[in-house]
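Step one of this worksheet: look at the structure below.
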Protein chains: 2
Amino acid sequence: MPRNPTMNDVAREARVSLKTVSRHVNGETNIDPELAARIGAAIVKLGYRRNLSAASIRPGRTSKTIGLVFSDLANPYYSTLARAVESVADAAGYLLTIASSNEEGPRHDRLVDRLLEQRVDGLIVVPPRHAARDWSEVPPPIPPLVFLDRPALFSGADAVLADNAGGARDATLALSRAGARRIAFVGDSPDIHTMRERHAGYAAALAEAGMAVDDSLTITTAHTKEQAERAVGALLRDDSADAVFAANNRSTIGALLAFQQAGRRLPLVGFDDFETSLLGNPPVSVVSQDIELMGRTAAESVLGRLRGDTSPVSTRVLPTWLILRGSEKPERN
Amino acid sequence: MPRNPTMNDVAREARVSLKTVSRHVNGETNIDPELAARIGAAIVKLGYRRNLSAASIRPGRTSKTIGLVFSDLANPYYSTLARAVESVADAAGYLLTIASSNEEGPRHDRLVDRLLEQRVDGLIVVPPRHAARDWSEVPPPIPPLVFLDRPALFSGADAVLADNAGGARDATLALSRAGARRIAFVGDSPDIHTMRERHAGYAAALAEAGMAVDDSLTITTAHTKEQAERAVGALLRDDSADAVFAANNRSTIGALLAFQQAGRRLPLVGFDDFETSLLGNPPVSVVSQDIELMGRTAAESVLGRLRGDTSPVSTRVLPTWLILRGSEKPERN
DNA sequence: TTGTAGGCGTTATCAC
DNA sequence: GTGATAACGCCTACAA
């Protein structure tokens, strides 16, 4: 395998100085057309390709890369976020380096460190449920940093979140308006910020509707759709609930599987829309968040800082909206 | 914002030479414990962080990054692939830089060039349907390169694919065995390699079952689930087909939407499993491919080459398997 | 318009 | 064991 040709090789081949090649490569115009032609020919002949890594170590130059760390790239929620970030970054000439923390605090920290060592220009992070490190202990300089889908864990960082509590409240109220009196909350661990917020919204809605929170109707162990299916199956068997608020995608699907298994269903509203939500019978009502907008907003925030935006850090809470498709109503008999 | 501290700063602070700091940072052992302690303290005090970009320009050193270019990170198929690649890469200490080509040839090429300029150590690509550039014209050195989900477009590269034709054949034969005689093919453009292969498998199965390919039953315009829904809706209305082979995920979901709309269904087998396939009534039969295995295989192939594997380039075709859940059978009346 | 000198942060060589 | 010194590939002053 041949060595990568360098600017020096090109300069020698074109019989000009290194600097002139540099000018040519960087698109500067003040070059004698004749030399420019020789340089162009040499570049083609040698197959010269810039070494952006080398260029980026000069002061003022950067890698034009931003880093994104979240729990799991295979989760459609995060891959949608990542895609939105990528679109905005790409339009500004930035590459995107993505790393999955697996929701493990130490792993998350290692990945962040690695990206900082790689000298990414900006960083977007979704911290794991048990954040290990205090950001205020990370030595400066820290590149522009945005917390996504989580509140900022660092005073110098922006944050972009959805209105998880509001969305959960809307969903719960919709079930209540449809006549439910014993609404179950099915979701993942309250260690997760979004889950805490959604449960708070659920509780607020119950209070507004004059109902008390019944702890036996709060399920926070639905880490997979199978676990959600078992939990909702139990609710069906002992007839303890008359409606289900599924606080995430996996819970919604688990509930639907339990309904299918039992041959009967409860009124249901889920958090987050999904591709086949229209295929349910009835179609599944959901609280939807604009995931792409969240990703774009986070990316624009980072890029804005890179362009010199020095406005005070802010936390942007994006709205959710309720899409009622029928599943919030009781089964007709 | 403070400047990033350098090894020189650490050396000065610890009153040792640059090289000794380098030794310390790189975990070499032949250092006086006293100096090591001073260096460690200086690193903490100054908040020193290695600059891997700078390190990577030394000959023999690399960025420990691999690049992945495909059409769309938001597509669950690709994000699953990406996650598998990331897992393997991460375990070997490599970061992953991901770029979406949007199925546009020139864009794909630009992204590849950018990654080469960034000096990624390896490259995994899913070329777009209209590949613009001839890889044999890309000047060497080219880092280890693997084509994923597509045959190799470059003689020096490995490839990892699923048995698209075999899977499509199995699906079509299953429909035929269940009694179908006019099986429609619903999919995306034959410009896409996987679609071509799947149609070939479909045609082979028809031939084996003694049926002819009826072009009016081949739909290759289902780019979105809505288009698939319309196409299958038309098939239902004019009663031209008695079964559907949906050649990708979107087509499967479109077909299900059309069935729901029409209030009746045709026997159906889809290509690629999906999260809610069990929720159908009946549950949806599919040809499944091990997407994670594909991603892992591609990543291991790249890493193997980086470790010095010089075995001849190869194309690995991974098996698919048919999961029959009921939807391949006719509706009972 | 072109070229020389120097430095970016790191690692390698090779004396001490 | 330690440290000058010279690279790596590129870019910025500053001269010519």
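The sequence lines fix the lettering, A, B, ..., with proteins before strands; numbering per chain opens at 1.
- In this structure, a donor-acceptor pair under 3.5 Å is absent between the side chains of A/T6 and A/N8.
- Between the P atom of D/dT2 and the CZ atom of B/R15 lies a distance of 14 Å, rounded to the nearest Å.
- Of the possible donor and acceptor atoms, none in the side chain of B/R49 sits under 3.5 Å from a partner among the backbone N and O of B/N4.
- A distance-only check finds no donor-acceptor pair linking the side chain of B/S63 to the backbone of B/S56 [under 3.5 Å].
- The side chain to side chain donor-acceptor pair (under 3.5 Å) search around B/D134 returns B/S136, not counting sequence neighbours.
- Side-chain atoms of A/S301 do not come within 3.5 Å of backbone N or O of A/T297 as any donor-acceptor pair.
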Steps toward salt bridge (Lys or Arg N to Asp or Glu O under 4.0 Å) verdict (A/R12, A/D9): CA-CA 5 Å; A/R12 198 175 317 117; A/D9 299 329; 3.6 Å; yes
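- Checking the phosphate oxygens (OP1, OP2) of C/dG3, a side-chain nitrogen or oxygen of A/T20 falls inside 4.0 Å.
- If you take CD of A/E117 and C1' of C/dG9, they are 13 Å apart, rounded to a whole angstrom.
- A heavy atom lying under 4.0 Å from DNA chain C marks the following residues of residues 30-43 of chain A, by number: A/N30, A/I31, A/D32, A/L35.
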Summary of protein contacts for nucleotides 7-16 of chain D, nucleotide by nucleotide, where a base hit scores B, a sugar-phosphate-only hit scores S (4.0 Å, heavy atoms): BBBBBB----
A/S17/A/T20 under side-chain hydrogen bond (donor to acceptor under 3.5 Å, both in side chains): CA gap, chis, key distance, verdict: CA-CA 5 Å; A/S17 84; A/T20 310; 3.3 Å; yes
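- In terms of modelled atom types and a separation under 3.5 Å, the side chain of B/S71 and the main chain of B/N102 share no donor-acceptor contact.
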